[in-house]
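Have a look at the structure below, then the notes.
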Amino acid sequence: MKKSDGTEKQPATAETSATKMPSAEKKQPASAETAAAKQPSAEKKQPAPAGTAAAKQPATVAIIALGSNMGDREMYLRRAWEEIEGRAGHITKASSIMETEAYGYTDQDNFLNMVLEIETGLSPHRLLAELLTIEAELGRVRTIHWGPRTIDLDIIYYGDQIIDDDDLRVPHPDLHNREFVLRPIAEIEPEWYDPKRQKTVGQMLDELI
């Protein structure tokens, strides 16, 4: 695979990417003694009423694809990783970084691609809103369909839900044609079951290649 300067670059290994990205270690729950020490001694907390910001839905596992082909591509992936961890959900798994040729509109530089698996308490549309905000803050400008971008963030899966409306389509409708998405998902979750196509990610990758 060739970079824009004509040199060959091999996809990064999982070990290599892990050393360049922020740590995705899980936080350990506080001990019972520690948790108790933080609670008021004479007052019980009442559950938040439905509809308030504090009333979050149970965590859902989602898969998010990241891509960049402008400027310092690894920096944009790292920044997006940090923002997703801080605003969208806890990152539980991450693929290695893979360099791929552009898809669709091919007259542009190669992409760096990866996927993150997260546990999120946000609804699908709230998660989408957060990802669009992160894209905008990292300088993404939408001028050409499938054109160059500082960062591209796509919800590929949101649990086992099928969503098809004007704002969001999940599973991603073109997933089965995109090796640069299937391959990194298969690296971390080869048995992930696609509820729409009724196949695993590993099966779809085998069919594509």
Side-chain angles (χ1 to χ4, degrees), residues 17-18 21-30 35 38-39 45-68 75-95 97 112-142 149-176 178 180-182 184-197 200-201:
S17 64
M21 290 291 135
S23 172
E25 294 179 359
K26 290 186 177 180
K27 294 181 180 179
Q28 297 299 321
K38 294 181 180 179
Q39 300 298 326
K45 289 187 176 181
Q46 297 299 319
T52 66
K56 291 185 178 180
Q57 64 180 40
T60 299
V61 178
I63 301 288
I64 300 173
L66 295 73
S68 175
M75 180 273 291
Y76 283 117
L77 293 181
R78 182 174 63 252
R79 289 282 306 281
W81 175 314
E82 293 169 345
E83 293 299 322
I84 289 169
E85 176 74 41
R87 297 157 62 168
H90 177 60
I91 296 170
T92 54
K93 293 183 182 180
S95 74
I97 299 172
L112 292 185
N113 296 104
M114 68 181 302
V115 300
L116 299 175
E117 179 182 278
I118 71 170
E119 292 179 351
T120 181
L122 303 179
S123 70
H125 289 83
R126 181 59 184 168
L127 176 59
L128 173 63
E130 289 291 348
L131 297 182
L132 291 175
T133 299
I134 293 169
E135 286 183 341
E137 291 178 355
L138 293 181
R140 174 160 186 186
V141 178
R142 299 172 186 269
R149 64 212 80 166
T150 54
I151 193 69
D152 184 28
L153 303 174
D154 286 325
I155 302 173
I156 306 301
Y157 290 111
Y158 185 89
D160 60 358
Q161 291 193 31
I162 298 175
I163 305 167
D164 190 353
D165 59 35
D166 292 340
D167 299 317
L168 181 61
R169 297 178 69 188
V170 174
H172 193 283
D174 199 35
L175 168 68
H176 58 294
R178 301 186 178 196
F180 62 90
V181 177
L182 287 173
I185 298 176
E187 181 183 315
I188 61 172
E189 290 286 4
E191 298 303 315
W192 185 288
Y193 187 75
D194 188 298
K196 186 173 183 179
R197 300 169 183 88
T200 68
V201 166

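Each residue takes its place number in the sequence, starting with 1.
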Go through His125 and Leu168 one step at a time and tell me if the side chain to side chain contact (heavy atoms under 4.5 Å, CB included) criterion holds.
CA-CA 7 Å; His125 289 83; Leu168 181 61; 4.0 Å; yes
Just do the side chain to side chain contact (heavy atoms under 4.5 Å, CB included) check on Val181 and Asp154 with the steps written out, would you?
CA-CA 10 Å; Val181 177; Asp154 286 325; over 6 Å; no
Does the pair Ile163 and Ile155 meet the rule for a side chain to side chain contact (heavy atoms under 4.5 Å, CB included), with working shown?
CA-CA 11 Å; Ile163 305 167; Ile155 302 173; over 6 Å; no
Might you work through the side chain to side chain contact (heavy atoms under 4.5 Å, CB included) test for Ile134 and Ile151, ending with a clear yes or no?
CA-CA 9 Å; Ile134 293 169; Ile151 193 69; 5.6 Å; no
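The shortest distance between side-chain heavy atoms of Leu131 and Ile84 falls below 4.5 Å. Contact of the Ile156 side chain with the Trp192 side chain is not registered, since no non-hydrogen atoms from C-beta on lie closer than 4.5 Å. The closest side-chain heavy-atom distance from Met114 to Ser95 is below 4.5 Å.
Side-chain N or O atoms of Gln161 include none that pairs as donor or acceptor with a backbone N or O of Val170 at under 3.5 Å. Formation of a donor-acceptor pair under 3.5 Å by the Thr150 side chain with backbone atoms of Leu138 is found in this model. Put simply, the side chain of Glu117 never gets that close to the backbone of Thr92: no donor and acceptor are under 3.5 Å apart. Within the 3.5 Å criterion, the main-chain N or O of Ala88 finds a donor-acceptor partner in the side chain of Thr120.
Taking CG of Leu153 as the reference point, atom CG of Leu132 lies at 8.5 Å (rounded to 0.5 Å). Within the model, atoms CD1 of Ile64 and OH of Tyr158 stand 10.5 Å from one another, a figure rounded to the nearest 0.5 Å.
Of all heavy-atom pairs spanning Ala62 and Leu127, the tightest one is CB-CD2, 4.2 Å. The shortest non-hydrogen separation linking Thr60 to Gly159 is CG2-N, 3.6 Å. When all heavy atoms are compared, the tightest approach of Ala94 to Leu116 is CB-CD2, 3.6 Å. Across all non-hydrogen atoms, the minimal contact from Glu85 to Ile91 is OE1-N, 3.1 Å. Ile188 and Lys93 make their closest contact through O-NZ, 3.6 Å (heavy atoms, listed as atom of the first residue, atom of the second, distance). Summarising the geometry of Ala80 relative to Leu66, their closest heavy-atom pair is CB-CD2, 3.9 Å, with the distance given to 0.1 Å.
For residues 159-168, the salt bridge (Lys or Arg N to Asp or Glu O under 4.0 Å) pairs, not counting sequence neighbours, are Asp164-Arg169.
By the side chain to side chain contact (heavy atoms under 4.5 Å, CB included) test, Glu130 pairs with Arg87, Leu122, Arg126, sequence neighbours left out. Evaluation of the side chain to side chain contact (heavy atoms under 4.5 Å, CB included) rule for Pro171 yields Tyr157, Ile162, Asp194, Pro195, Lys196, Arg197 as partners, not counting sequence neighbours.
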